[in-house]
Amino acid sequence: MQMHSILRRVFRRLGAEARLQGVALLTLTGALIAMLIVVVFVLNMQLTTKSILRRANVAVFLKDGVSQEEITQLQTSIESVSGVRHVKYLSSAQVREAFFSNEASKDGLEGLPPEAFSPLIEIEIEEDGRSFTVQQLAEKLKRFEIVEAVESHESWQSEVRAIASIINRLAIAALGLALVGIAFFISNVMKLTLSSRKDEIEILRLCGASDGFIQAPFLIEGASYGFLASWISVTITWFLKNLADREFDRVFDFIGVRLVFLDPWMIAAFIVIVTAICTVASAFSLRRYLHV
Amino acid sequence: MAMASDLANSGWEQASEEGTRRPFAYFRAGLTQNPYPKPILVFENVTKFHRPDHPTLRNVCLEVQKGEFVFITGPSGAGKSTFLQLIYQAQKVDDGRILFCGKNITRLNRDSLPYLRRNIGIVFQDFKVIPHWTVFENVAIALEILGLPTRIIRSRVGEALERVGLKGKGAQETRSLSGGEQQRVAIARAIVGEPVLILADEPTGNLDPQLALDIFTLFEEIHQTGATVLFATHDHSLIERRSYRVISIENGYAKEVRSHSMRESLHRSRKVLHAIADR
């Protein structure tokens with residue numbers, strides 16, 4: 001079968017069915033933009049969650065009058081635990097300073113002496129690849145005599161993880177539904193196209209055209225819808241992301257997260273998947289409705 | 001010139017080696033050296049029912065020789081179209097068999113049908129052209145289906161349009177043409193692949209008498225290049241005009257109301273072919 005003959009028949013239809021094709025392309029692009037926004041949102045949410053969890057520290061409050069030797073010994077022990085990224089000692093004065101660095105904490109408390117604040121050791125823990133839970137670490141640290149109390153954020157972190165997981169699952173379900181919807185939409189567009197070209201198909205059959213010869217332009221058309229709509233939607237979403245960048249930076253700057261877009265591989269995968277779904281949906285429609 | 005090469009390919013030759021691998025070979029129009037060739041089309045006790053108690057065709061038996069011009073006539077609804085549709089397998093026979101180029105086509109499966117139809121040029125009363133395509137595109141599609149290269153398609157479509165009197169109109173949209181011209185486009189499409197058999201299903205039914213005569217003359221010219229033509233019509237003025245074989249279908253029975261003069265027909269066709277070759 002000759003490719004140029006197929007393409008010629010595809011292009012012949014461009015003028016004749018411009019309205020239907022335009023509406024189909026616009027609708028598909030709109031749906032894909034919505035999908036991409038969800039994908040970009042989930043991607044950024046995952047990165048933000050990771051970043052927040054990564055920064056979640058364990059604070060070990062020490063008793064008063066602890067010697068520097070004991071502090072160093074404890075610090076060394078904690079550092080030797082795998083999964084601990086960083087250990088930092090803060091004296092009472094440093095804790096006081098850090099406390100009053102926040103404007104809201106100053107009201108009426110400026111008179112507090114450094115002794116009112118317990119010295120502490122801050123532990124930064126790897127979110128991934130650790131061999132213990134934060135709870136287990138906290139329990140072990142409490143056994144040290146020089147430790148007054150241990151403050152972990154395990155319950156808060158668990159909640160963040162649970163919420164992120166729920167949002168992930170909802171997003172995956174929504175994306176799955178959207179893909180099914182796209183397949184259904186393309187299938188219906190093909191049904192309409194087949195109906196409007198019934199006479200043309202009949203004539204081709206009478207001239208001795210094989211099924212492949214008749215179906216090829218429809219498959220190319222379906223694939224083109226997917227390819228064009230996915231490209232356009234990626235471009236538009238990228239512009240939207242750039243527009244949202246400044247606002248996002250203003251709101252989330254304190255956690256050091258920047259808004260990210262899909263990397264080139266993800267974009268390629270998105271285009272391939274959408275094109276494939278549109279082609280398969282067209283093939284399904286042809287199989288079901290091409291009965292001339 | 002394409003016509004000269006057609007002469008070289010005359011007879012029942014296959015258009016290409018590829019033909020031997022196809023479910024149904026591709027035959028091209030042209031005269032054989034044998035003045036009494038095997039029949040191109042044979043109906044053997046063919047019966048077709050549209051209603052269980054009332055067969056449209058009953059035990060039809062007939063033979064059509066290669067290079068013949070045959071009128072199929074009968075009143076409206078007699079089964080002329082059904083008769084033709086059974087040949088290009090738009091309908092299936094209920095009983096009996098049809099041999100086309102020696103092959104039983106009633107047993108062809110769906111995948112083989114396109115290969116059968118590439119051997120048959122069909123012209124309809126309602127033209128069946130694609131209105132938003134150009135004249136060239138409407139004719140070229142028959143060759144695109146055969147998978148011919150663009151260069152050959154261009155030259156053969158040009159020749160076909162010239163033969164039907166539409167030279168220079170290839171770029172026009174078909175819907176802008178008159179009824180007679182649209183029918184010429186359909187004829188050009190039917191003959192451009194040089195099929196061995198042309199089926200005309202009341203091609204003059206929608207045309208005024210003068211145009212009908214012009215179109216009929218065109219079919220005669222096509223016939224004279226070696227094609228076998230089955231021309232369904234109920235227009236007796238056309239039938240009376242020529243002494244071709246006439247088969248009448250009435251009450252489901254097909255009877256020959258005028259025999260063919262095969263020798264005369266072949267002699268005339270050969271004279272025309274030689275004249276074209278000499279040119």
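Letters go in sequence order (proteins before strands), and every chain restarts at 1.
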Close side-chain approach of B/Arg189 and A/Ile203, heavy atoms under 4.5 Å: yes
Side chains of A/Cys207 and B/Lys128 in contact at under 4.5 Å (non-hydrogen atoms): no
Give a yes or no on this: more than 12 heavy atoms of other residues, nucleotides or ligands lie within 6.0 Å of atom [atom1] of [X].
| X | atom1 | value |
| --- | --- | --- |
| A/Phe284 | CZ | no |
| A/Lys191 | NZ | no |
| B/Lys167 | NZ | no |

Specify the closest pair of heavy atoms between [X] and [Y], including all atoms of both residues, with the distance to one decimal.
| X | Y | value |
| --- | --- | --- |
| A/Gly208 | B/Pro114 | O-CB, 3.2 Å |
| A/Glu200 | B/Trp133 | OE2-CZ2, 3.5 Å |
| A/Leu206 | B/Ile122 | O-CD1, 3.8 Å |

Contact class of B/Gln89 relative to chain A, heavy atoms under 4.5 angstrom: neither
Residue B/Ile130 versus chain A: region with a heavy atom under 4.5 Å: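 Both backbone and side chain.
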Under 4.5 Å from a heavy atom of chain B, the part of A/Asp211 involved: side chain
Atom [atom1] of [X] and atom [atom2] of [Y]: how far apart are they, to the nearest 0.5 Å?
| X | Y | atom1 | atom2 | value |
| --- | --- | --- | --- | --- |
| A/Phe213 | B/Leu146 | CZ | CG | 9.0 Å |
| A/Ser210 | B/Arg117 | OG | CZ | 12.0 Å |
| B/Phe124 | A/Glu202 | CZ | CD | 7.0 Å |

